[in-house]
Amino acid sequence: MPIRFYNSLSRSIEEFNPIRPGRVGMYTCGPTVYNYAHIGNYRAYMFEDLLRRTLKFCGFEVRQVMNLTDVDDKTIRGSREAGLPLDEYTRKYKDAFFEDIGVLRIEPAEVYPEATRHIDEMIGLVEALLTAGVAYRADDGSVYFSISRFPRYGQLARIALDPERQVARVRHDEYAKESIADFALWKAWDEADGDVAWESPWGRGRPGWHIECSAMSMRYLGKSFDIHTGGVDNLFPHHEDEIAQSEAATGRKFVNYWLHCAHLMVDGRKMSKSLGNFYTLRDVLDRGFSGREVRWELLRTHYRQTLNFTFQGLRDARVSLNRLDEFVTRLKEAAVEPNAGRDAVEERCRNAAAAFLAGLEDDLNISAALAALFDLVRDVNRMIDAGECRGNAAETVLGRLRDMDRVLGVLDVDRSETVPGEIQALVDERQAARKARDYARADAIRDELTAKGWTIEDTPKGPRVKRA
RNA sequence: GGCGCGGUAGCCAAGUGGUAAGGCAGAGGUCUGCAAAACCUUUAUCACCGGUUCGAAUCCGGUCCGCGCCUCCA
């Protein structure tokens, strides 16, 4: 089965066919580094991680580019308030960003271009647009894109601009744009910019936001590429403007597939900086949750579905993950036993793998993929109990889990936990007490282990300890 | 107002024509010194109204409710 995605451009599910067979170029709108990203932002990056992992899982070679917006109103304002040079100010948040995606186990993109290091490319693009006659220089020294000279404007957002409204607004427009919907390609320096400015053919200034993504995506992926993603809030005007600029400059189709993910909600409202209802990853970690748990929570809902963030959801995630961990542990224990049940187990694994893949190929239907995983867990657990999954059969399942985890990134199949000697000694002591039927002593030791953060489970093959 | 998304069990969430996946929680059971874990069983007619159809959560029309974008925003 070919992989299919919902393309915002056509508003329908389409079969995915890359420009170059077997290779995918994708551009993902990244963070504006003026502050710590919140987990709503990370939902988008998680979705992109799932997308790139799924593409790789399906055999594609992926080249992902994620920009770092390090010059805009907010970064400039922030750096001035902090009394720091722009670079120094944004460095802190760039570092934090990379630290966070590591915690969330998000696979790094191939390229992370920074806007401030691609000013030349942006200037070149603006010049091309002026030459093409779709941009104009305003009295204040800024350069604007004229949407009236790009008939296809609105193709992505499907908006029809109201001419009357435009006229009414233009009179009050302090920037003397020809039309209110025209957007800045190059912003002339003003006082609020401080010392942040670059020389250009139109004087000192800085690039507009949209031009950044056009210039950098084309630099690293070519004039036309396969996939462009972002949150739905970027659909208009950001992505619409990118299309206009890029296609007006090159005369070619900019992007074939536009994928947008829905928002993360808190108490029924979009999580956002301006509403103040956000949690950074650090906030959530400080409450005792792990990056892995946050990853699971952000991953388990389909990307085009709004996801309501709750701490209860995180607690649910923890339990689900525990069950998966337990499953891995049982498999490892079963794997050292004499072989049994290989054929039946292999067939079960094949079915699970097929269902898992089918879900992902269907516009990243993660719910279907996870259902396939949990069905496998249930069935194999049953087989283990019945002694029908041992030795190489158990290894087969572990191999399948490792394979699925290339996409999920949460299973930790090969994680091995070392039990400190002190803890092991307590476990042994408790076991001796149990043998002697001194249950009061055994339970006291179990309480002590619990207090130290370890959980003990008695199995037919002896006690098992793990971190709580 | 324009454009768009969504309303499925206590909570989360798949399913776009043939009588409702999965996760969490709950209940009962097996196992266990007890517990934990695991396993088994069990819990819904899909916001509402009308229509199409042999048959609809799924298609069409309407209503109500929630949310997003239209300005910086993942």
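Per chain, numbering begins at 1; letters A, B, ... match sequence-line order.
- Remark: A:His38 engages A:Phe278 in a ring pair (Phe, Tyr, Trp, His ring centres under 6.0 Å) (not counting sequence neighbours).
- The CE atom of A:Met271 sits 16 Å away from the P atom of B:C67 (whole-angstrom rounding).
- For the pair A:Arg304 and A:Tyr6, the distance from NZ or CZ to the six-membered ring centre is under 6.0 Å and the angle to the ring normal is within 45 degrees.
- Atom CZ in A:Phe311 sits about 17 Å away from atom C1' in B:C11, given to the nearest Å.
- Of the two residues near RNA chain B, A:Glu326 and A:Gln312, the one whose nearest nucleotide lies more 5' is A:Gln312.
- Taking a pair to require two hydrogen-bonding distances under 3.5 Å in either a Watson-Crick or a G-U wobble arrangement, B:A38 pairs with B:U30.
- In this structure, B:G68 forms a base pair with B:C3, meeting either the Watson-Crick or the G-U wobble geometry with both donor-acceptor distances under 3.5 Å.
- With hydrogens and angles ignored, a donor-acceptor pair under 3.5 angstrom links the side chain of A:Asp443 to the base of B:G33.
- Remark: A:Gln305 is in phosphate contact with B:A14, judged by side-chain N or O atoms under 4.0 Å from OP1 or OP2.
- The phosphate of B:C69 has OP1 or OP2 within less than 4.0 Å of a side-chain N or O from A:Lys270.
- For A:Arg441 and B:C34, the shortest distance from a side-chain N or O to OP1 or OP2 is not below 4.0 Å.
- In this structure, A:Arg300 does not reach the B:A14 phosphate: none of its side-chain N or O atoms is under 4.0 Å from OP1 or OP2.
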One pair to check against side-chain contact (heavy atoms from CB on, under 4.5 Å): A:Arg441 and A:Arg430. What are the steps and the verdict? CA-CA 7 Å; A:Arg441 174 72 187 137; A:Arg430 171 173 173 276; over 6 Å; no
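- Judged by Watson-Crick or G-U wobble contacts below 3.5 Å, the nucleotide B:C46 has no partner.
- One can place CZ of A:Arg269 at 15 Å from C1' of B:G6, the figure rounded to the nearest angstrom.
- For B:A37, the base has no donor-acceptor partner in the side chain of A:Arg323 [N/O atoms by modelled type, under 3.5 angstrom].
- The partner of B:U58 is absent, by the rule that a Watson-Crick or G-U pair needs both atom distances under 3.5 Å.
- Listed by chain and residue number, A:Asp73, A:Ala184, A:Arg206 satisfy the side-chain contact (heavy atoms from CB on, under 4.5 Å) test with A:Lys187 (two or more places apart in sequence, or in another chain).
- Contact of A:Arg378 with B:C40 (side chain to base): no donor-acceptor pair of N or O atoms is detected under 3.5 Å.
- The distance between atom CZ of A:Phe236 and atom C1' of B:C72, rounded to the nearest whole Å, is 13 Å.
- A sub-4.0 Å separation between OP1 or OP2 of B:G15 and a side-chain N or O of A:Asn365 is present.
- In this structure, A:Arg77 fails the cation-pi test against A:Tyr34, since its NZ or CZ atom is not both closer than 6.0 Å to the six-membered ring centre and inside 45 degrees of the ring normal.
- Applying the 3.5 Å distance criterion, the base of B:C34 shares a donor-acceptor pair with the side chain of A:Asp458.
- Between A:Tyr279 and A:Phe311, the gap from one ring centroid to the other is short of 6.0 Å.
- Straight-line distance from the CG atom of A:Leu373 to the C1' atom of B:G23: 11 Å, rounded to whole Å.
- One can place CZ of A:Arg304 at 15 Å from C1' of B:G68, the figure rounded to the nearest angstrom.
- B:G33 has A:Tyr439 stacked on its base ring, the centres lying under 5.5 angstrom apart and the planes within 30 degrees of parallel.
- Of the listed nucleotides (B:C69, B:G23, B:A38), B:G23 has the atom at the smallest distance from the side chain of A:Asp316.
- For B:C24, the paired base is B:G10 (Watson-Crick or G-U wobble, both distances below 3.5 Å).
- Going from atom CD of A:Glu333 over to atom P of B:A38 covers 13 Å, rounded to whole Å.
- Contact annotation: A:Asn381 reaches the phosphate of B:C39 (side-chain N/O to OP1 or OP2, under 4.0 Å).
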